[in-house]
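Notes to accompany the following structure.
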Amino acid sequence: MSNAAFVIIAIFTLAAALAAATLRKLMHAALSFAVALVGLAALFFLLGAEFVGLALVFIYIGAVAVLIVFTILLTRRDVGKDRGFNWAGVLIALAVFCGLTWSILKTQSLSIVAPHIRALTVKRIGEALMTGYVWPLQCVGLLLTAALIGALILVMEEKR
Amino acid sequence: MTPTLQAFVLVSGALFSIGLLAALSRRHAIFILIGIELMLAAANLNFIAFWHFAPQPHQPTGVMFAIFSIAISAAEAAIGLAMVIAVYRHYHTTNVDQLDQLKG
Amino acid sequence: MSAWILDRLWLIPAVPFAASLIVLSLPNAWRRRAAALAATGQVAALALSVVAFLPTVQTHGFRAAQNFTWFTFGDNALQLGFVLDPLAAAMLLMISLVGLCIFVFSIGYMADDKNFVRFFAYLSFFSGAMLGVVIANSLLLLFIFWELVGLASYLLIGFWIERPSASAAAKKAFITTRIGDMGFFLGMLWLYNRSGTLLFYDGGKGCLESAGLAMLGASATFIALLIFFGAVGKSGQFPLHVWLPDAMEGPTPVSALIHAATMVAAGVFLVARVYPLFSLGAINGVTSSLTVVVWIGVTTALMAALIAIAQADIKRILAYSTVSQLGLMMVSLGVGGVAAGIMHLIAHGFFKALLFLGSGSVIHGCHGEQDIRKMGGLRRFMPVTFVTYAIGMMALSGVPLFFSGGWTKEEILHAVGHWPPSHAPYYLMFAGVVLTALYMTRQIIYVFFGDPRASVDHSHESPRVMTRPLIALALGAILLSVVLTPAWPWLHEYLTGEPVHFEIGRLIQPALFVSLVLVSAGIGVGLWMYRKAGVQAGDRPAQIDPLEYAQPALFRFLANKMWIDELYYRTVIAFSWMAARLSDWLDRYFWDGLVRGFGAIGQVFAMFTTGVDERGINAGVDETTVGARGLGRLMSAAHSGQIQIYLGVVAIGMLALLLLYAWLV
């Protein structure tokens, strides 16, 4: 893990995220969001969590970003109008950023270097999911099912 | 020279702030969703980073947390977008400024 | 052929049941099809009965039981079953044959009724249930069919529901028989408790076989009496006979089928079926339960015969006659003459059905009139009815030699005469025979002789569909005597399993002369007393009965059914009424008072708390509320309804926490 790679990826990710948050056109913002997630996935790879990175790509770019695009298309008539910024929100976000950065820089214990880690294979993740984490896994499955059914019911055409 | 944990947490903090910016300042409901997703992604980055820098040997707890967090945020995105569509159908707008039915 | 039917005994009741269900589903307009279907079901039941009859003839003492498990609870299994023995087979044949005649008669009698289809559905239903009673091999199954029979009886007595008297009679019949059935049910439970089985015959393990009986011991007497109480209700025996005359509110074919020939005989059949329970531990053929049966039977027979003399309704006379004859059968069973009792039951089924159908024909001819004092001279208008009715009358009276009733009565008298404890029933039965002949003579004189009176205008003979069954039953009443005579008592042999031989010499017995004398006396007295019935004689008006004229007090006593109904009204019903009133009073004043008292306490307490509430707490709360309202107004101003502001506030709060934390660390 080299410093240069980290800096490039971090700048790329943050830039894409900033674009996603600030671009005027919603469609562009959604695409920038996807790009920012690609950067985030690269950071995960850098941290040795390849599985989570891949999952992020599949789930976010494959599903969530596409969903967002679909939603934009479905609510198209409302998209074109420029609504501008809520500047109070910008100020609050800036304040939070400053506070976070100050407290992170102030915390000395974070300045540690990574130990040499054993690769986290998919096999290990699978074993962990099926043994120690089997109940949370089931609950998440139930939650996803419920969420999908709920989403379907929410968007169903109202009977007249 | 390799990056320290502090660098990752800084990136995570910046990403969170950008997400908050999107959620607080944009008026379109979908931007709010994007912002929330960005904040969740920042949290996931923190999980992975802290897992990576934890003393050896360690359990894959951080990775597990990230996986479940991703799954839950996917569910959240599905529900949120469905609500956007439902709200749009009902009020013919996705502008959160105009959605103030709960005004006290 | 015989093996085939033994495995399929259930078909015999099932066929009429199925016919009933199909008929019930037919539209009201399909009269012919409904009648044809019901009659077809009855013919099929008759054919099956004949098939079932054959093996019992071939073997002496034949008995075949076919049992199955109804359900299992714990280690016990409740078994039901069907049985075929001479008793069942003879009853099957009688019921299906008489039933068929009555079905055919009903086609004519009910032709104008708007609920024709329903009537046939009920009749078929009854027929199936009755056939089931006969072949049941389990007291429980018998009880189930017994109750179904009761239901059919209820439905058919109240068939003309628009008449209040009919529905009242139906209720009376249902409730009265239910009192008896309660005894039956208790007896059944007791029996199950002692013997662990309700099957009659189960390869030696049944409750009527030696092993089952051995477990009963002294309780057999009480069990038998409880079961007999059920029979008392169903067969209209003395304390519970009151429903049967009222049951004549039903259509006449119903009276013939249910309340004369078959259902009311079920009580007699039941006693015969569980006879081993009655005779358990008999000394010289006498047990205490059988003694009870005898005396109940004697009381019923005499009382009903006396009442019959003073009745004016043609069907009520026959109803009391039925009660009386059933009493006679009970006496016969009680003294040990089971075969004689059953023989009389079967013969009675034929001639009483004949008499009822004849009375139906008369009523039909007189446009619904049932009062015999308003008839008269009908023999000229209704010759077929007259001849067949006369045959039935002679069979019922017990005219010897040619009529079935004569032989069976003789046999009963013979059995009663040999009862060891007492000869009183014997002589009382003499009186019963005389009275029977007397009231039947009276009835026939009133209806068929003399000059036509009020209701006989335009009277005519009934259609063939009604007279043919009359002829068939009359032939049955005569021809049945072939198998009843002492010279060749085939039916006796068939029922008891004792082989007999043809011996013409036994035809003439002392009992023959006894009954000849008794019947002649009855008929003679009747002819003399009622020679001028219905016409003015001396200073007696035409509408006054000769007996009423001679003995008004006695006649009133009899005509009012010995005031037994009134007695019940004053005692049993009055008691129920009083109990209801008492419960009502208790409920209204005592319990209600208690409840009201508690309520009042609550009320006083409530008044107190109201005071505290209004003056103390409420005032304080009001003040607090005003404050809360102001605060709420203030807080609600913070609610813009805009999520971004909420989110922003959350972010500021989070930031503040973060800074606090960082500053502390």
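The model shown is predicted, which means the values in this text are computed figures rather than measured ones. Below, read A as the first sequence line, B as the second, and so on, with proteins coming before strands; counting in each chain starts at 1.
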So which atom in Val96(A) and which in Leu655(C) form the shortest heavy-atom distance, rounded to 0.1 Å?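 Reported closest heavy-atom pair: CA-CD1, 3.6 Å.
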Measure the spacing between CE of Met654(C) and CD1 of Ile92(A) and express it to the nearest 0.5 Å.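 The CD1 atom of Ile92(A) is 11.0 Å from CE of Met654(C), to the nearest 0.5 Å.
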For the [atom1] atom on [X], are there more than 12 heavy atoms of other groups (residues, nucleotides or ligands in this structure) within a distance under 6.0 Å?
| X | atom1 | result |
| --- | --- | --- |
| Phe97(A) | CZ | no |
| Asp584(C) | CG | yes |
| Trp30(C) | CH2 | no |
| Phe185(C) | CZ | no |

For Leu91(A), is it the side chain, the backbone, both, or neither that has a heavy atom closer than 4.5 Å to a heavy atom of chain C?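 Nothing of Leu91(A), per the 4.5 Å heavy-atom cut-off to chain C.
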